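Written out below as structure tokens is the structure these notes cover.
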Amino acid sequence: MTGKKLNVGIIGCGKIAQTRHIPEYAHNTHVQLEGYFDYSQERASTMAKQYGGRAFDSIESLLADDKIDAVSICVANESHAKLTIQALKAGKHVLCEKPMATTLEDCEAMIDEAKKAGRKLMIDQNQRLARAHVIAKKLLQQNTIGSVLTFKTTFGHGGPETWSVDPGANTWFFDKNKAKFGAIFDLGVHKLDLMLYLLDSHVTSAFSILATLDKRDSAGELIGVDDNAFSIYKLNSGVLGTVAASWTYYGEEDNSTILYGTKGIMKIYDDPEYAIRVILKNKEHIDYSLDQIQTNDQQTSSGMIDEFVDSILSKRVSISDGETVLNAMKATFAGIESNEKGQMIEIN
Ligand SMILES: NC(=O)c1ccc[n+]([C@@H]2O[C@H](COP(=O)([O-])OP(=O)(O)OC[C@H]3O[C@@H](n4cnc5c(N)ncnc54)[C@H](O)[C@@H]3O)[C@@H](O)[C@H]2O)c1
């Protein structure tokens, strides 16, 4: 690590920027927060006043500032690819929010541009760094539950309309033009990426059903994107698994994963007391009491900002380098295609 500080710009100053990116950069002693841009000038100025640096009046002017080494892209899904590519072309390292992009071609174009520009591209798949997931990966590598045969993983809560910095039924999360897809992009991508990361695998077959069951816009019409997405995946290892993503789990969030192996079961974030519970065939139990995963209401440091900064300063590949996230995006788009065609989709 060099003594030089990394100068950072924030593009999109909404909820995720305000709750994770900006405070986590501000805590990192190797970072100087230099600039902010948002469609809402007021939002960018408020962040500049609170954390230092200045508000820019266009993305072009922020990207033209040679002092800025790296940017976080924290805007609605539809602009991820365009702004990431623009920032890479301007010579910036990029930490882009998930879902990586709204088409597979865009995901691939982002990776190509990062290679061409010789800059880092990291996607904020923060589930990979959640404490229990870090430990679970080690336990799986140590064969604690034997060979994994199946899994079920879930991410569900009451919906993003109370989360966004512009809350309510008109949130961009419900707008097909800005979000493109709903629960599968907001939550499903997190859990699918996590499973492929934990199991070091890729998907060979995907079958998904997307539905809009309950969420309505301000006119009382069902929204244009899915509020529930249920998927079955087959991995190259033969493992079978289900991923449930839902915006209609009213009352309590579910962020749990259960893996079933030849020697026993591993439950992650499934018990309020123990973040990991291992239950072996011989009835032996191993419990791990750790912090619970961050929820919309309870934010803890994601560790992803420190990881991004360190990967740049130490010139190493980050834990969720764009290339490694492509795996989950390919399978997500295959699932979406399967929903459209009503049949299972094979992935080469
Ligand atoms: N990694 C995670 O766990 C996680 C959690 C929540 C949201 N997200 C992702 O973060 C992104 C932002 O979500 P959010 O919850 O902060 O939404 P938000 O509605 O709270 O904020 C979005 C902000 O971006 C601004 N904006 C939108 N398009 C812009 C553009 N092209 N240029 C400049 N500003 C623009 C808006 O004015 C708003 O201030 C989304 O892609 C979302 O999926 C990730």
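Order of appearance sets the numbers: ligands from 1, and atoms from 1 within every ligand. Note that this is a predicted model, so its numbers are computed, not measured.
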### Message
Out of Lys98, Lys178, Gln18, who is nearest to atom 43 (O) of ligand 1 when you count heavy atoms only?
### Response
Lys98

#### Entry: Ion pair Arg128/Asp193, N-O distance below 4.0 Å
yes

### Task
Could you check which of Cys74, Ser40, Gly12 puts a non-hydrogen atom nearest to atom 22 (C) of ligand 1?
Cys74

### Message
Under 6.0 Å from the ring centre and within 45 degrees of the ring axis: does the NZ or CZ of Lys15 meet both conditions for the six-membered ring of Trp163?
### Response
yes

### Task
For residues 111-123, pull every pair meeting side chain to side chain donor-acceptor pair (under 3.5 Å), keeping only residues two or more places apart or in separate chains.
Lys89-Glu113, Lys115-Glu323

### Query
Taking the minimum heavy-atom distance to atom 20 (O) of ligand 1, which of Asp124, Ile10, Asn77, Val165 ranks first?
Val165

#### Entry: Contacts of Lys283 that satisfy salt bridge (Lys or Arg N to Asp or Glu O under 4.0 Å) - sequence neighbours left out
none

### Message
Donor-acceptor pair, distance only, cut-off 3.5 Å: does the side chain of Thr144 make one with the backbone of Leu140?
### Response
no

### Query
Would a 4.5 Å heavy-atom cut-off, applied to side chains only, mark Phe155 and Ser246 as touching?
no

### Query
Under 4.0 angstrom from ligand 1, any heavy atom of Phe185?
no

### Message
I'd like to know whether ligand 1 has Asp38 as a neighbour, heavy-atom separation below 4.0 Å.
### Response
yes

### Query
When you measure from atom 31 (N) of ligand 1 to each heavy atom in Tyr36, Phe173, Tyr39, which option holds the nearest one?
Tyr39

### Message
Would Leu83 count as being in polar contact with ligand 1, using the rule that some N or O on each side must be under 3.5 angstrom apart?
### Response
no

### Task
Could you tell me which atoms of ligand 1, counted from 1 in the order shown, lie closer than 4.0 angstrom to a heavy atom of Asn126?
1 (N), 2 (C), 3 (O)

### Ser79: numbered ligand 1 atoms lying under 4.0 Å from its heavy atoms
31 (N)

## Note on the structure
Atoms of ligand 1 under 4.0 Å from any heavy atom of Phe37, numbered from 1 in the order shown, are 32 (N), 33 (C)

### Message
I'd like the name of whichever of Arg43, Glu97, Met47, Gln125 reaches closest to atom 8 (N) of ligand 1 through any heavy atom.
### Response
Glu97

### Query
Just which atoms of ligand 1 are under 4.0 Å from any heavy atom in Arg20?
2 (C), 3 (O)

### Query
Taking the non-hydrogen atoms of Gln127, is any one of them nearer than 4.0 angstrom to ligand 1?
no

### Query
Are the side chain of Lys98 and the backbone N or O of Val325 linked by a donor-acceptor pair below 3.5 Å?
no

### Message
With a sphere of 6.0 Å drawn around NZ of Lys152, does it hold more than 12 non-hydrogen atoms of other residues, nucleotides or ligands?
### Response
no

### Task
Answer with yes or no whether His190 contacts ligand 1, where contact means a heavy atom under 4.0 Å from a ligand atom.
yes

### Message
Looking at Asp254, I'd like to know if its CG atom is crowded, meaning that more than 12 non-hydrogen atoms belonging to other residues, nucleotides or ligands lie closer than 6.0 Å.
### Response
yes

